[in-house]
Amino acid sequence: IDGPAAQLIEDALITYVKPAIGSDVPGFFIQADQTGPALFIAVDPAGVAPTPMVGDAVTFEVSEMGTAFGTRQATIITGYTLVSAGNDVSVLVQDLNTIDFVTALDEYESELISVDLTVTGSFGFAGSGYASATADTTTLVGNPDLRVRLPQTIVDALLLGEGCTISFASTPMWRFNSQAQPSGWVEADFTVNTCPPFQVVSAIATSGVEVELTTDHNIDAASVLSDGSQFSIPGLIVSSAEVAGNVITLETSTQIGGLSYTATVDGTVLDTFGNTADPTANSATFAGFQSAAVVRINELNGNIPDGCDLIELRVIAGGSMEGFSLMERTGTLLTFSGLTVATNDYIVVHFDSNDVDCNPGASGSETLTTDEFPNSGFPQNYDSAYDWYTTDSGMTGTDNVITLVDNLGVIVDAVLVSDDPAGTAASASETQAAVVAAAGEWTTTAGTIPLLGFVDDDFNAHAVQDLNATGTDAAGDSINRSDDADTNHMGGWTMGASSWGGNNPGQLDF
C-alpha cells in the first residue's frame with residue numbers, strides 16, 4: 001500500500017546503486033534471497049550515510065512506500081545502518097533466458113538478473129535521458145512488452161540498433177508499467193556481443209574537395225588507411241581518409257558542383273564490432289559540393305480532405321537543397337534532390353501524390369522553375385513556389401512534429417503542432433520532440449524545456465494549436481509564422497489566412 005509505513009528491513013544486501021540520469025530518480029536496490037523479493041529504495045544515495053555500496057548488508061526502516069510506473073519503491077527510510085560490507089551479490093542473480101519474465105514481471109521486479117537479448121527494433125524515447133527498443137530472448141519472441149532500456153548517451157555513443165545482441169550479467173529488473181525493461185545505467189552493466197555488418201548511410205560533400213561518409217556503426221580507426229586507398233569515387237581521386245566515430249572524411253580532387261558521384265568502401269574497413277561493410281550497402285551517392293540553402297518551415301495545413309495536406313518552406317538564403325529532408329514525427333516524408341533555390345523562394349510540399357484529388361494531372365516535383373508544372377495544367381500547384389510531392393497519405397492531425405534536416409543531417413527547423421492544449425501524445429511525437437529540443441529548435445515560450453521533456457500534457461501545452469481547425473481546403477486558414485523571426489516556440493506562430501507561395505501577413509522579403 002502506498003503511503004506511510006513502518007517496515008523494518010534487516011540484513012538486506014545492496015545489489016545495485018542507481019545513478020541520477022535524466023528524469024529517473026537515483027536510489028539503490030536491496031534483496032536478501034535469490035528468488036526475491038527485492039525493492040527499489042528511491043532515496044538519493046548521496047544523502048545516506050554511510051554511502052550505500054554494492055555488497056553492503058544494511059538494516060533500516062521503511063517509513064513511506066510508493067509506486068512509480070508500476071515499480072514498488074520505498075520513498076523515505078530511517079535508521080540506516082551498515083551491518084557488513086563486501087558481500088558477494090552474484091549468488092542472487094537469476095538467469096532469465098528460458099523464463100517468461102514479462103508475464104511474471106511482478107515476481108522479478110527489481111531483482112538481480114542475467115539475460116541475453118537481441119534488439120528487434122529502433123531505439124526511441126523512454127523517459128528523459130533514456131532510450132528503449134523491443135527485444136527478444138530465445139524464449140520470448142515478438143513480445144512488445146519486452147524492451148531493453150539504456151541511457152540515450154550510451155545508445156548514441158555505441159550506435160546500437162536492430163540486430164545487436166546484448167547481455168546483462170547482473171542488473172536489477174526495471175519496469176515501465178507492464179513493460180519488462182532489462183536495463184543498464186553505465187556501460188559496465190552490459191556487453192554488446194555482436195551487431196550486423198555496418199552500412200554506409202549517406203555521403204555528403206562538405207566542400208569542393210571533401211566528402212563525409214556516414215555509417216550506422218562506429219568505425220575502427222585502426223582499420224582505415226590514411227591514404228584513402230580503401231575508398232573509390234569514379235571521376236575523383238581520393239587522397240586521404242580520417243575517422244571520427246561513424247563519420248569518415250575523405251579528401252578528393254576538385255568536384256564538379258551538382259554532378260552525381262558514388263563513394264564505395266572496400267572490404268578491409270571494419271566497424272568497432274569487427275564487421276566489414278554490408279556488401280549490399282557499402283556505397284552512397286552524393287552531389288558535387290554546392291553551398292546549402294537556409295530554409296525554414298513557414299506554413300502548414302493538415303486538415304484537407306483525402307490527405308491533400310500542405311507544408312510550405314521559405315528560403316531565407318539561397319543555395320542547394322540537395323540532401324535536405326522533411327520529416328513528420330520520426331519518419332521522412334521526402335528528400336530533396338536536384339533543386340537549387342534563391343532567397344525569398346518558396347517550396348510547397350503536397351501530400352498524397354498518388355491521389356487524383358491531391359495531384360490532378362500527376363505533377364512531378366519541380367526542380368527547374370516554379371512554373372515547371374504550371375497551375376494551368378496542374379491546378380493544385382502554385383506558380384510562385386516550387387511544388388514538391390510526397391506519397392505520404394496525409395499529415396497526422398493530432399499531435400505532430402514537422403522537422404527540416406539539412407544535407408549534413410543537422411536539424412535546421414522544427415515545429416510542434418497539436419489539436420488540443422492538453423492530453424496524451426504519441427510516442428513518435430515525443431521521441432522527435434526530444435530530438436528537436438536537444439538541437440535547440442523548440443522550447444517553451446520562456447525558452448526552457450520541461451523537466452520530463454515535451455511529453456503528453458507538456459507536449460500539447462507548448463505546441464502550436466489547432467491542427468484540426470485549419471481550413472478544409474487549401475484556400476482556408478492555415479497555421480503560419482506570424483513574422484520573419486525564428487523564435488523556436490509556439491509564440492512565433494498563428495492561425496490565419498493561407499498564403500501559399502508568398503509571404504504570410506507580418507512578413508517582408510529578406
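Remember, predicted model here, so these are calculated numbers, not experimental data. We number each residue from 1, following the sequence as shown.
- When only modelled atom types and interatomic distance are considered, Ser325 and Thr335 share a side-chain donor-acceptor pair under 3.5 Å.
- Side-chain contact of Thr268 with Gln230: a donor-acceptor pair under 3.5 Å is present, judged by distance alone.
- With a 4.5 Å cut-off on side-chain heavy atoms, Asp266 and Phe231 do not count as touching.
- Using modelled atom types and a 3.5 Å distance limit, the side chains of His350 and Asp387 yield a donor-acceptor pair.
- The two residues Thr139 and Ile99 make their nearest non-hydrogen contact at OG1-N, 4.2 Å.
- Of the possible donor and acceptor atoms, one in the side chain of Glu372 sits under 3.5 Å from a partner among the backbone N and O of Thr367.
- Between the CG atom of Asn301 and the OG1 atom of Thr470 there is a distance of 3.5 Å, given to the nearest 0.5 Å.
- Judged by distance alone, the side chains of Ser132 and Gln181 never bring a donor and an acceptor atom under 3.5 Å apart.
- Of all heavy-atom pairs spanning Asn275 and Pro196, the tightest one is ND2-O, 3.2 Å.
- Of all heavy-atom pairs spanning Phe324 and Ala292, the tightest one is CE1-CB, 4.0 Å.
- The shortest distance between side-chain heavy atoms of Leu326 and Trp388 does not fall below 4.5 Å.
- Distance check, rounded to the nearest 0.5 Å: OG1 of Thr71 to CD of Glu109 gives 5.0 Å.
- Using modelled atom types, one finds no donor on one side chain facing an acceptor on the other under 3.5 Å when comparing Asn407 with Glu322.
- Asp189 and Thr171 share no donor-acceptor pair across their side chains, judged by distance under 3.5 Å alone.
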Task: Verdict with reasoning, Leu333 to Val349, per side chain to side chain contact (heavy atoms under 4.5 Å, CB included) - done: CA-CA 9 Å; Leu333 293 171; Val349 175; 5.6 Å; no
Task: side chain to side chain contact (heavy atoms under 4.5 Å, CB included) between Leu105 and Gln179, worked out - done: CA-CA 8 Å; Leu105 182 55; Gln179 289 182 6; 6.0 Å; no
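- For Phe69, the CZ atom sits in a loose shell: 12 or fewer heavy atoms of surrounding residues, nucleotides or ligands are nearer than 6.0 Å.
- In terms of heavy-atom proximity, Trp442 sits nearest to Ile449 at O-CG1, 4.4 Å.
- A donor-acceptor pair is defined here as one N or O able to donate and one able to accept, closer than 3.5 Å; such a pair exists between the side chain of Asn375 and the backbone of Asn381.
- Take Ala133 and apply the side chain to side chain contact (heavy atoms under 4.5 Å, CB included) test, not counting sequence neighbours, and it matches Val119, Phe123, Val148.
- Lys18 places no side-chain N or O within donor-acceptor distance of the main-chain N or O of Phe29, the cut-off being under 3.5 Å.
- Taking the side chain as every heavy atom from C-beta outward, His489 and Thr443 approach each other to under 4.5 Å.
- Distance CD1/Ile297 to CD/Glu312: 11.5 Å, rounded to 0.5 Å.
- Interatomic distance, Asp136 CG to Thr165 OG1, rounded to the nearest 0.5 Å: 12.0 Å.
- Counting only N and O atoms by type, the side chains of Asp216 and Gln199 include no donor and acceptor under 3.5 Å apart.
- Counting heavy atoms from C-beta outward, Phe286 and Ile204 have side chains that stay 4.5 Å or more apart.
- Between Phe289 and Gln255 the shortest heavy-atom distance is N-OE1, 3.0 Å.
- Considering only heavy atoms from C-beta on, Met173 comes within 4.5 Å of Pro182 through its side chain.
- Ring geometry for Trp174 versus Trp185: interplanar angle over 60°, hence perpendicular rather than tilted (30 to 60°).
- A donor and an acceptor atom, one from each side chain of Ser167 and Asn193, are located under 3.5 Å apart.
- The CD1 atom of Ile402 sits 9.5 Å away from atom CE of Met327, with the distance rounded to the nearest 0.5 Å.
- Here the closest non-hydrogen pair linking Trp493 and Arg481 is CE3-N, 3.5 Å.
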Open item on the list: Assess the residue pair Phe198 and Leu159 against the criterion (side chain to side chain contact (heavy atoms under 4.5 Å, CB included)); give the C-alpha distance rounded to whole Å, side-chain angles, the decisive distance to 0.1 Å, and a yes or no.
Closed with: CA-CA 11 Å; Phe198 76 87; Leu159 294 180; over 6 Å; no
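- Under the 3.5 Å distance criterion, with hydrogens and angles disregarded, a donor-acceptor pair is assigned to the side chains of Asn400 and Glu328.
- Ring orientation note: the planes of Phe273 and His217 are nearly perpendicular, at an angle over 60° on the 30°/60° scale.
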Open item on the list: Test salt bridge (charged side-chain N to carboxylate O under 4.0 Å, His left out) on Asp484 and Arg314; report intermediate values, then the result.
Closed with: CA-CA 10 Å; Asp484 295 322; Arg314 186 186 186 196; 2.8 Å; yes
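- Within the 4.5 Å cutoff, the side chain of Asp456 has heavy atoms near those of the Glu430 side chain.
- Atom OG1 in Thr214 sits 6.0 Å away from atom CG in Asn246 (nearest 0.5 Å).
- A ring-centre distance under 6.0 Å is not found for Phe101 and Tyr108.
- Around atom CD1 of Ile237, no more than 12 heavy atoms belonging to other residues, nucleotides or ligands sit under 6.0 Å away.
- Contact check for Leu467 versus Ile479: side-chain heavy atoms found under the 4.5 Å cut-off.
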Open item on the list: Walk me through whether Leu416 and Val436 qualify under side chain to side chain contact (heavy atoms under 4.5 Å, CB included).
Closed with: CA-CA 9 Å; Leu416 273 60; Val436 301; 4.0 Å; yes
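- Side chains of Asn460 and Ser418: a donor on one and an acceptor on the other come within 3.5 Å.
- The side chain to side chain contact (heavy atoms under 4.5 Å, CB included) check on Ser283 picks up Thr262, Thr264, with sequence neighbours excluded.
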